[in-house]
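Nothing fancy with the numbering, it's 1 onward along the sequence.
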Amino acid sequence: MQTYTIKAEENPHREGHRGYHGTGIIHSIESCGTVDGPGLRFVLFMQGCMMRCLYCHNRDTWDMHTDKAQEMTVEQVMKQVLSYRHYLKATGGGVTATGGEPLLQYEFIRDWFKACWEYNIHTCLDTNGYALHYDGILDDLLDHTNLVMLDLKQIDPEIHKVLVGIPNTKTLKFARYLAERNQPTRVRYVIVPGYTDDDHSAHLLGEFIGDMENIETVELLPYHELGAHKWELCGDEYKLKGVKPPPKETVLHIKEILEGYGKNIIY
């Protein structure tokens, strides 16, 4: 099999970023994921995230370096991907980079996606849009991305800071950049009772994405607390303890609002 590892001296973009040496810091791997894009997916969970979502179900991915994380080369990852590729292709699936936030390691994701394209494997970037650099590396990554799944957590800046811990300026900038590129994108919107389940928030989302022709679908994701135990394991308090998933009526109501802005809704 072809070797994809990029040596540091061969990488012209290494300065000023993460000191990239051809490896990625990996939290975990799911070989046959079913909720991270179309079809069966080989899902790579990357370590590191700048957001602090109150409902995060991958709390253990926040820190870039942990005792459980492992560094892997593209060649090592591809060896696993290729062992599943026939199953992935048979279902219309492929690979997904998620996290954490994969854009924090965008050099590695770029190299991995380019390797996947050599085998005609569908690539999906699951991101909160926290792009630190708009440069040739990002464009090269997006050029080799079949689908972006963009988490738009809340358009209202004040609610976003309460829910996520930081402003939404980088996410909204990235969303506009995807629209400028006409990048095939699926928006993901988590319906969190008390934070994103109201009409005003839904209309703000609809107004923001209404004219973005690159957005193929909006996926509504009802809040759940399945990852709450990870907060305890990390020594943190889960502040949404006791919050229940939104009723189906709420999901259908938000679906109706967003359909009014001309978007295809799935849930």
Using a distance-only test with no angle check, is there a side-chain donor-acceptor pair under 3.5 angstrom linking [X] and [Y]?
| X | Y | value |
| --- | --- | --- |
| D126 | T96 | no |
| T123 | N146 | yes |
| D111 | Y20 | yes |
| H27 | D60 | yes |

Q | Stepwise side-chain contact (heavy atoms from CB on, under 4.5 Å) check, Q80 with F42 | A | CA-CA 9 Å; Q80 295 190 42; F42 180 95; 3.8 Å; yes
Quick one: closest heavy-atom pair of [X] and [Y], and the distance?
| X | Y | value |
| --- | --- | --- |
| N128 | C49 | ND2-SG, 3.7 Å |
| Y238 | L54 | CE1-O, 3.4 Å |
| T73 | F108 | C-CE1, 3.9 Å |
| K230 | N58 | NZ-OD1, 3.1 Å |
| A175 | L150 | CB-CD2, 3.6 Å |
| D151 | T171 | O-CG2, 3.8 Å |

Rounded to the nearest 0.5 Å, what's the gap from [atom1] on [X] to [atom2] on [Y]? Could you check?
| X | Y | atom1 | atom2 | value |
| --- | --- | --- | --- | --- |
| I209 | L204 | CD1 | CG | 11.5 Å |
| I25 | T61 | CD1 | OG1 | 12.5 Å |
| E101 | M46 | CD | CE | 10.5 Å |
| L103 | I137 | CG | CD1 | 12.0 Å |
| N182 | M212 | CG | CE | 12.0 Å |
| R41 | C124 | CZ | SG | 5.0 Å |

Q. Can D198 and S201 be said to form a side-chain hydrogen bond (donor to acceptor under 3.5 Å, both in side chains), step by step?
A. CA-CA 6 Å; D198 58 287; S201 295; 2.8 Å; yes
Is there a side-chain contact between [X] and [Y] in this structure, where contact means two heavy atoms from C-beta onward sitting under 4.5 Å apart?
| X | Y | result |
| --- | --- | --- |
| E180 | Y177 | yes |
| V95 | V43 | no |
| Y106 | D135 | yes |
| V148 | R186 | no |
| T23 | M72 | no |
| Q154 | V192 | no |
| Y267 | L221 | no |
| C53 | L163 | no |

Could you state whether [X] and [Y] fall into the same hydrophobic cluster, counting links through intermediate Ile, Leu, Val, Met, Phe, Trp or Tyr residues with side-chain heavy atoms under 4.5 angstrom apart?
| X | Y | value |
| --- | --- | --- |
| F45 | I121 | no |
| M149 | L178 | no |
| V251 | Y261 | no |
| I257 | Y223 | no |
| M51 | V162 | yes |

Q | Residues M64, Q105; criterion side-chain contact (heavy atoms from CB on, under 4.5 Å); working and verdict | A | CA-CA 10 Å; M64 186 65 77; Q105 301 189 59; 3.7 Å; yes
**Q.** Contacts of type side-chain hydrogen bond (donor to acceptor under 3.5 Å, both in side chains), residue D63, not counting sequence neighbours
**A.** none
Could you check whether any side-chain N or O of [X] sits under 3.5 Å from a backbone N or O of [Y], counting only pairs where one atom can act as donor and the other as acceptor?
| X | Y | result |
| --- | --- | --- |
| T145 | L147 | no |
| Y189 | T196 | yes |
| T91 | G39 | no |
| W62 | G48 | no |

Q: Describe, in one word, how the ring planes of Y134 and F174 are oriented to each other, choosing from parallel (under 30°), tilted (30 to 60°) and perpendicular (over 60°).
A: tilted
(Q) Can you tell me how the ring of H224 sits relative to the ring of H57, calling it parallel under 30°, perpendicular over 60° and tilted otherwise? (A) tilted
Q. Would D199 and H253 count as a side-chain hydrogen bond (donor to acceptor under 3.5 Å, both in side chains) if you check the C-alpha gap in whole Å, the side-chain angles of each, and the deciding distance to 0.1 Å?
A. CA-CA 9 Å; D199 288 16; H253 181 61; 2.9 Å; yes
Q: Could you check R59 against D236 for side-chain contact (heavy atoms from CB on, under 4.5 Å), going step by step and ending with a plain yes or no?
A: CA-CA 9 Å; R59 166 62 186 89; D236 292 335; 2.7 Å; yes
(Q) One pair to check against salt bridge (charged side-chain N to carboxylate O under 4.0 Å, His left out): R181 and D139. What are the steps and the verdict? (A) CA-CA 9 Å; R181 288 177 51 91; D139 285 334; 3.3 Å; yes
Does a side-chain N-to-carboxylate-O contact under 4.0 Å join [X] and [Y]?
| X | Y | value |
| --- | --- | --- |
| E259 | K255 | yes |
| K161 | E158 | yes |
| R188 | E219 | yes |

Q: For side-chain hydrogen bond (donor to acceptor under 3.5 Å, both in side chains), just list the numbers for D197 and T250, CA-CA rounded to whole Å, side-chain angles, deciding distance to a tenth of an Å, and then say yes or no.
A: CA-CA 7 Å; D197 62 339; T250 298; 5.5 Å; no
Q) With H122, which residues qualify under ring pair (Phe, Tyr, Trp, His ring centres under 6.0 Å), at least two apart? A) none
Q: Run the numbers on I265 and L220 for side-chain contact (heavy atoms from CB on, under 4.5 Å), then give the verdict.
A: CA-CA 7 Å; I265 311 300; L220 301 181; 3.7 Å; yes
Q: For the pair K153 and N168, evaluate side-chain hydrogen bond (donor to acceptor under 3.5 Å, both in side chains) and give the outcome as yes or no after the intermediate values.
A: CA-CA 9 Å; K153 302 172 189 296; N168 58 7; over 6 Å; no
